[in-house]
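Note sheet for the following structure.
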Amino acid sequence: KLMYNYDAGNLGKGDLLAGVQYDYFNLYYHDMSVGDIFDRVLYTAINDYDPLIKNNHETNYSIYSQLKHNFNDHFILNVGLRFDNKERYSGSAKRVFSPRAALIWKPNKKTAFKLSYSRSFVDAPYFYRASERIYKGNDDLTPQYLDNIQLTGIFKIPSLHLEYESNIFYTNVQDIINLAANSFMNSGIVKSIGFENILTYRYKDWMARGSLYTHKILKSEGVSANDDEIYSIPNWTAHVQVSKMFFDHLRLMTNLSYTSKCKCKVSEFIFQNGEPTAQTEREFPACFVADLGAAYQWKGIELSVKCKNLFNKKYRYGGDRVPVLQEGRNFLATLTLNIKN
């Protein structure tokens with residue numbers, strides 16, 4: 001990655017970034033078992049013996065660049081382009097361009113507005129393209145694309161130590177991969193609008209941030225949806241983060257998360273008492289999760305301890321045909337050493 005800073009005099013100044021990236025993927029071993037009633041194995045696939053998926057490798061190289069130009073103290077232009085070349089295991093190649101651009105206007109030091117557009121993608125997973133059993137792989141699958149248009153406003157109130165950020169956005173997701181007749185296909189479309197609010201408070205050793213997010217579906221095809229909501233995806237989410245510094249070395253922090261109730265279309269693979277469930281739609285209740293953490297820093301050493309899902313709340317959301325059980329209470333300790341010249 002290379003960066004070049006320039007000064008164009010009356011035309012402004014900025015920086016130009018360019019880089020390359022190379023990725024190599026190799027599937028060299030796999031096994032899988034299918035069972036039911038928690039203790040009965042019905043089918044096992046082990047690597048080259050009765051394989052479930054083809055062992056092979058893939059490569060991807062990317063070239064990307066970004067230009068950030070400051071016309072003056074009030075206007076900034078940020079544009080970027082990324083090119084990906086994915087060489088698939090079958091010998092075929094997928095080439096994708098991902099542009100993005102943003103125009104920023106700062107009428108004063110307390111206010112800023114940004115209008116941006118971006119296109120991103122996720123390539124079709126290797127399993128969807130190379131599977132040989134249970135589901136028929138489809139090497140013709142294209143990447144899944146997302147186009148996003150967003151308007152952002154930032155407003156600072158120094159006397160109250162507050163900063164408010166508002167985001168209004170439109171997203172268009174295309175070529176979503178779905179399973180149809182035991183084969184994967186690019187058949188899904190989701191168009192939606194969303195609204196996100198972020199309020200931040202900073203004063204001395206205190207920091208608090210609250211966010212509220214909601215979205216509404218405008219159009220959906222080939223995905224599980226009901227009215228204006230997608231199955232297994234909450235329409236409302238909210239977060240509150242609070243941290244406090246003690247003695248210039250110890251920081252305590254907490255994070256409170258809320259997700260609204262959501263519906264799920266129960267898959268034909270869901271069983272109750274060994275029989276397929278007759279219920280085709282299920283509603284999962286709203287959920288509240290609390291996290292707690294602490295970090296102690298002394299010179300170049302930092303020790304942090306975090307507990308996620310403090311009360312071990314059991315909840316599900318996400319997933320295509322089966323709602324995913326989210327992680328319960330878990331702990332993470334990190335030791336960081338910073339070495340400076």
Side-chain angles (χ1 to χ4, degrees), residues 1-25 58-88 92-124 142-156 158 163-176 186 189-200 202 209 211 213 215 338 340-341:
K1 183 170 65 175
L2 301 174
M3 179 177 288
Y4 172 72
N5 298 312
Y6 64 88
D7 189 338
N10 294 332
L11 298 178
K13 59 183 179 180
D15 55 69
L16 176 64
L17 180 148
V20 295
Q21 179 178 327
Y22 176 79
D23 298 282
Y24 176 80
F25 166 82
E58 296 184 333
T59 60
N60 181 73
Y61 67 82
S62 310
I63 303 173
Y64 58 91
S65 62
Q66 174 182 289
L67 172 67
K68 183 178 181 181
H69 183 78
N70 297 268
F71 293 99
N72 48 48
D73 293 336
H74 302 289
F75 288 96
I76 301 173
L77 177 65
N78 195 330
V79 294
L81 180 65
R82 179 185 177 100
F83 170 74
D84 286 87
N85 185 86
K86 177 72 170 289
E87 299 289 343
R88 292 183 170 179
S92 62
K94 294 296 179 181
R95 299 175 176 87
V96 181
F97 286 95
S98 304
R100 64 186 184 89
L103 180 62
I104 302 170
W105 175 44
K106 296 181 177 180
N108 52 60
K109 295 182 179 180
K110 300 178 182 179
T111 310
F113 298 95
K114 180 173 69 172
L115 179 63
S116 61
Y117 163 80
S118 65
R119 160 166 271 216
S120 56
F121 76 97
V122 175
D123 193 24
T142 65
Q144 304 170 95
Y145 297 94
L146 183 148
D147 292 281
N148 181 80
I149 301 175
Q150 180 168 305
L151 177 62
T152 301
I154 300 176
F155 310 91
K156 298 180 180 180
E163 179 180 302
Y164 172 68
E165 179 179 331
S166 176
N167 296 290
I168 303 174
F169 52 88
Y170 166 81
T171 60
N172 179 20
V173 189
Q174 306 173 58
D175 294 333
I176 299 174
N186 292 101
I189 297 174
V190 172
K191 298 181 180 181
S192 64
I193 56 174
F195 185 40
E196 181 183 39
N197 299 272
I198 304 173
L199 183 63
T200 303
R202 289 187 177 91
R209 177 181 288 114
S211 63
Y213 165 84
H215 68 269
N338 297 307
K340 299 181 179 179
N341 294 329

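Quantities reported herein were computed from a predicted structural model and do not represent experimental measurements.
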- Query: Without hydrogens or angle criteria, can the side chains of Ser98 and Ser120 be said to hold a donor-acceptor pair below 3.5 Å?
  - Reply: no
- Are Asp84 and Lys86 ion-paired here, with the side-chain N under 4.0 Å from a carboxylate O? no
- Nearest heavy atoms of Ser192 and Thr171, plus distance in Å: OG-OG1, 2.7 Å
- Note on the structure: Heavy atoms of Lys13 and Tyr6 approach each other most closely as CB-O, 3.2 Å
- Item | Enclosure of Tyr22 OH (heavy-atom neighbours >12, cutoff 6.0 Å) | yes
- Query: Would the number of heavy atoms belonging to other residues, nucleotides or ligands and lying under 6.0 Å from CG of Asn108 be above 12?
  - Reply: yes
- Query: Can you tell me how far CZ of Arg95 sits from CG of Asn85, rounded to the nearest 0.5 angstrom?
  - Reply: 4.5 Å
- Between the side chain of His215 and the main-chain N/O of Ile193, is any donor-acceptor distance below 3.5 Å? no
- Thr152 and Asn167: side-chain donor and acceptor closer than 3.5 Å? yes
- Message: Does any part of the side chain of Val173, heavy atoms only, come nearer than 4.5 Å to the side chain of Gln144, both counted from C-beta?
- Response: no
- Task: Might you work through the side-chain contact (heavy atoms from CB on, under 4.5 Å) test for Asn78 and Arg100, ending with a clear yes or no?
- Result: CA-CA 8 Å; Asn78 195 330; Arg100 64 186 184 89; 4.2 Å; yes
- Query: Is there a donor-acceptor contact under 3.5 Å linking the side chains of Tyr117 and Asp147?
  - Reply: yes
- Query: Relative to each other, are the rings of Phe71 and His69 parallel, tilted or perpendicular (30° and 60° limits)?
  - Reply: perpendicular
- Task: Specify the closest pair of heavy atoms between Asn186 and Pro143, including all atoms of both residues, with the distance to one decimal.
- Result: ND2-O, 4.2 Å
- Message: Quick check: closest heavy atoms across Lys1 and Leu17, and the distance to 0.1 Å?
- Response: CD-CD1, 3.9 Å
- Task: Starting at CG of Leu146, measure out to CD of Gln174 and round the result to the nearest 0.5 Å.
- Result: 9.0 Å
- Rounded to the nearest 0.5 Å, what separation is found between the CD atom of Glu163 and the CG atom of Leu199? 9.5 Å
- Query: Any side-chain heavy atom of Ile189 within less than 4.5 Å of one from Asn172?
  - Reply: yes
- Task: Tell me yes or no: between the side chains of Glu58 and Asn60, is some donor less than 3.5 Å from an acceptor?
- Result: no
- Query: To the nearest 0.5 Å, how far apart are CG in Asp123 and CZ in Arg88?
  - Reply: 4.5 Å
- Item | CA sep, side-chain torsions, deciding dist, call: Lys68, Met3, side-chain contact (heavy atoms from CB on, under 4.5 Å) | CA-CA 11 Å; Lys68 183 178 181 181; Met3 179 177 288; over 6 Å; no
- Query: Just how far is it from atom CD1 of Ile168 to atom CD of Gln150, taken to the nearest 0.5 Å?
  - Reply: 9.5 Å
- Taking every heavy atom of Gly153 against every heavy atom of Phe113, the minimum-distance pair comes out as CA-CD2, 4.0 Å
- Item | NZ (Lys106) with more than 12 external heavy atoms under 6.0 Å | no
- Are Arg119 and Tyr145 in a cation-pi setup, meaning NZ or CZ lies under 6.0 angstrom from the ring centre and within 45 degrees of the ring axis? yes
- For the atom pair CG (Leu67) and CG (Leu81), what is the distance rounded to the nearest 0.5 Å? 12.0 Å
- Task: Indicate yes or no for a side-chain donor-acceptor contact from Asp175 to the backbone of Thr142 under 3.5 Å, with no hydrogens or angles considered.
- Result: no
- Message: Looking at Asn70 and Asn72, would you say the former's side chain and the latter's main chain have a donor-acceptor pair under 3.5 Å?
- Response: no
